[in-house]
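Quick notes on the structure that follows.
Just so you know, these numbers use all the heavy atoms, side chains as well, and skip hydrogens, waters and symmetry mates. Note on naming: letters A, B, ... go to the chains in the order of the sequence lines (proteins, then strands), and numbering restarts at 1 for each one.
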Amino acid sequence: MLYLYLPLALTSVNILVPVGLGLLVGLLSGLFGVGGGFLMTPLLMMVGIPPTIAAATDANQIVAASATGTLAHWRLGNVDFKMGFLLLVGGFTGGALGVQLIKVLRATGGADFLIKMTYVIMLGLVGTFMFFESLNALRKAKAGGGNAQKTQQDASSKKDAGTKPSKGFMGALPIQIYFEKSGVTHSALVPVGLGAFVGILAAIMGVGGGFLMVPVMIYLLRMPMHVVVGTSLFQIMFTCVEVTFLQAYTNHTVDFVLAILLLLGSTFGAQIGTKIGKKLHGDQLKILLAIIVLAVTVKIVLELLMEPSLLLAYKGGH
Amino acid sequence: MSHTKYLYVAVVLLIGALFMADHSMAAEPTEAASSVIEKAPVTCEVLPDEVFIDSFYHGAKLTITGKSDANDEIIIKISSPPTESSLKFMGKAAGLFWMKIGDMEFKPVSNVYLLYTTGEIQKITTPEERIRSLVGYDAIKAQVEITSSKGPVDKDRWFNEFIKFKEKDRVYGIHEGTVVKDGKGGFSATVDWPYQASPGEYKVAVLAIRDGKVYAEASQKLFVKTSGMITLLSDLAFKNPAIYGVIAIVIAMLAGLGVGIVFKGGGGH
């Protein structure tokens, strides 16, 4: 077996392990538009990578996976750059706020509790909601007997509705913009605010936030699924560029060799995922993502309830 | 004639001086050799005594050999200098959830502690000798102080957890009966040096045991160093973190876009 020594993690790994993990997570990234941080970091820790190195290096490899995913989706015309930019502005601001919040909580000793609880609550809520919503949509589609004409009519009426501002509070906000690619009209403050909210949660949880951003775009911004995936990847790419640089500069926790091994797998995985995703219906994609998110939630809950085999751990990470 | 006489005397003195010098030089190693036997009846040799961590490093095989009295029991102890080990500890938060709830300090403890012996430690050494020579986990426990950010700790419980944690990482271990004697005073042990052990200086000590007590000791240093690309990347990450960060991002972007271009044929628009 071929092993490689990781210069910053100070450990040796079988090359096939990170390449395989990269392939798996990259596949999910291309399929669902999530960076995969919520999966990759725990997986890396399971194979013996120190938590701080796992989280920071994961951000580095997500840059590669999301870059290739963004390129693939851009070619398919699935990236709403206008929406992505506004979400990014919010995400950067929220990320900075979240980092400060964690600093305060670490000082008071309440950070780990908040992080774990945020994981369980957010993943549980998002997973459950997406699962039942997609299930209903699939049932309705089945009941409709695949009436293509009706679907086309729905799509065109949706397009017409998209040019008009949202109703209620969101519609009353200033700076209303029409997002051509997504076919929706929102105040610029909505994606900035939602981006900031996800940014705060992402910083608390130590992940890119794709699995939160995707439902936000689907259910709150009412963007079509195919544009959601591409736009999410675009936003994640820049978030992870920021995180990689900050982690490398301040904490020296980005293991370049590990990142290369991961991205060898993840870049190919993302391309394969994008191609598979094209063949699947939006609701099928959503229900698959919901199942993965719920499985991760169950795993975290079990970890929280069962006594771990080791009661000591190195400092750093979640 | 007198000159010839002086010349003879000079030649004789010179030959005598040369003989004396030669004799004294020949005598020195014999004396030195005998003093080695008297002062250190046990020897220790570690091969290799330098371990280089390169890109394909996955630990190393060390061979430790030496000589002592054929009736001696032998303990080989490999350790790093004692220091303070600061770890996170898990406990129940809100009486229900297992998570990291505080910091725990262990001091003084070595980051690496590996023992290789000719027999069971309990049988070949007395309890007092184990404490005195720091042989075995009980000896470490006797001297370690454990403190926690959450107040007093159950020393027995958390010391056991510490050993479990370190053994899982392969940097702590007691390998009884792994030192092989040849019956003529020679002994040897093969050590699977764990890749988890960080670069640094380690002490390999050979303890010769007679009647349950360490009566002689020999030691050698073992150096674990990074080399080549590992040193280069590690130096870059710590000395030029901004450049390191930018390189990491650029390579990730290029790799991602490169694969994207490769897949273009099967892509969309």
Side-chain angles (χ1 to χ4, degrees), chain A residues 2-5 7-8 10-12 48 60-72 75-77 109 112-113 116-117 237 241 244-250 252 254-257 259-260 263-264 266-268 270-271 274-275 278 303-315, chain B residues 53-59 86-91 93-94 96-104 149 158 161-162 164-165 168 195-196 198-199 226 229-234 237-238 241-242 244-249 251-264 266-269:
Chain A
L2 192 53
Y3 288 91
L4 267 188
Y5 191 78
L8 271 83
L10 297 178
T11 191
S12 171
N60 190 194
Q61 78 84 21
I62 292 173
V63 171
S66 52
T68 190
T70 304
L71 184 68
R75 284 207 195 104
L76 296 167
D112 278 337
F113 188 77
K116 292 275 182 186
M117 286 300 115
M237 181 176 72
V241 162
T244 301
F245 184 79
L246 289 177
Q247 293 279 24
Y249 189 74
T250 55
H252 317 289
V254 176
D255 196 306
F256 187 53
V257 176
I260 287 176
L263 66 84
L264 271 176
S266 67
T267 45
F268 283 98
Q271 289 289 341
T274 306
K275 286 178 193 300
K278 272 166 67 183
E303 274 176 5
L304 285 170
L305 294 173
M306 289 159 73
E307 184 173 342
S309 60
L310 291 175
L311 294 179
L312 291 170
Y314 289 112
K315 284 187 170 179
Chain B
I53 299 176
D54 59 15
S55 295
F56 301 103
Y57 177 70
H58 190 63
S86 187
L87 300 167
K88 285 271 181 194
F89 74 98
M90 315 272 273
L96 188 64
F97 304 115
W98 284 96
M99 56 181 68
K100 293 173 194 165
I101 56 168
D103 297 334
M104 201 172 273
S149 59
W158 287 105
E161 288 296 332
F162 177 77
K164 205 160 71 173
F165 177 69
K168 181 92 193 299
Y195 64 80
Q196 291 92 338
S198 51
T226 57
M229 189 59 87
I230 301 296
T231 310
L232 190 80
L233 287 173
S234 183
F238 285 92
Y244 181 88
V246 169
I247 291 173
I249 291 164
I251 290 191
M253 289 279 254
L254 290 178
L257 296 175
V259 172
I261 290 163
V262 169
F263 271 73
K264 192 180 177 181
H269 306 190

Side chain of B:K164, backbone of A:S309: donor and acceptor closer than 3.5 Å? yes
Can you name the nearest heavy-atom pair linking B:G256 to A:A67, along with the distance? CA-CB, 4.4 Å
Applying a strict 4.5 Å limit to non-hydrogen atoms, the region of B:I247 in contact with chain A is both
For chain A, which of B:F56, B:Y195, B:W158 has the most heavy-atom pairs under 4.5 Å? B:Y195
Under 4.5 Å between any side-chain heavy atoms of B:M90 and A:E307, yes or no? no
Is the closest side-chain heavy-atom distance between B:F89 and A:L312 below 4.5 Å? yes
Which heavy atom of B:P241 sits nearest a heavy atom of A:A248, and at what distance? CB-O, 3.4 Å
Option in A:L263, A:T244, A:V63, A:N60 with maximal non-hydrogen atom pairs under 4.5 Å from chain B: A:N60
Output for pair (B:L233 CG, A:D255 CG), nearest 0.5 Å, gives 8.0 Å
Under 4.5 Å between any side-chain heavy atoms of A:L305 and B:W98, yes or no? no
Any idea which of A:V241, A:T274, A:L10, A:T70 has the most non-hydrogen atom pairs under 4.5 angstrom with chain B? A:V241
In terms of heavy-atom proximity below 4.5 Å to chain B, should A:Q247 be classed as side chain, backbone, both, or neither? neither
Taking the side chain from B:Y244 and the backbone from A:V254, do they hold a donor-acceptor pair closer than 3.5 Å? yes
If you count heavy-atom pairs under 4.5 Å with chain B, which of A:S266, A:G48, A:A259, A:P308 comes out on top? A:P308
Gap separating the CD1 atom of B:I249 from the CE atom of A:M237, nearest 0.5 angstrom: 11.5 Å
Taking all atoms of both residues into account, what is the closest heavy-atom pair of A:L310 and B:K168, and its distance? CD1-CG, 3.9 Å
Greatest number of heavy atom pairs closer than 4.5 Å to chain A - which of B:T226, B:L254, B:D103: B:D103
Just give me the residue among A:T68, A:L8, A:L311, A:I260 that pairs up with chain B most often, heavy atom to heavy atom, under 4.5 Å. A:L311
Heavy-atom pairs under 4.5 Å with chain A - which of B:G245, B:A255, B:A242 has more of them than the others? B:A242
So for B:M104, is it side chain, backbone, both, or neither that comes closer than 4.5 Å to the heavy atoms of chain A? side chain
Atom of B:L257, atom of A:L71 and distance for their closest heavy-atom approach: O-CD2, 3.7 Å
Engaged part of B:S86 at the chain A interface, taking heavy atoms whose separation is under 4.5 Å: both
Close side-chain approach of B:D54 and A:Y5, heavy atoms under 4.5 Å: no
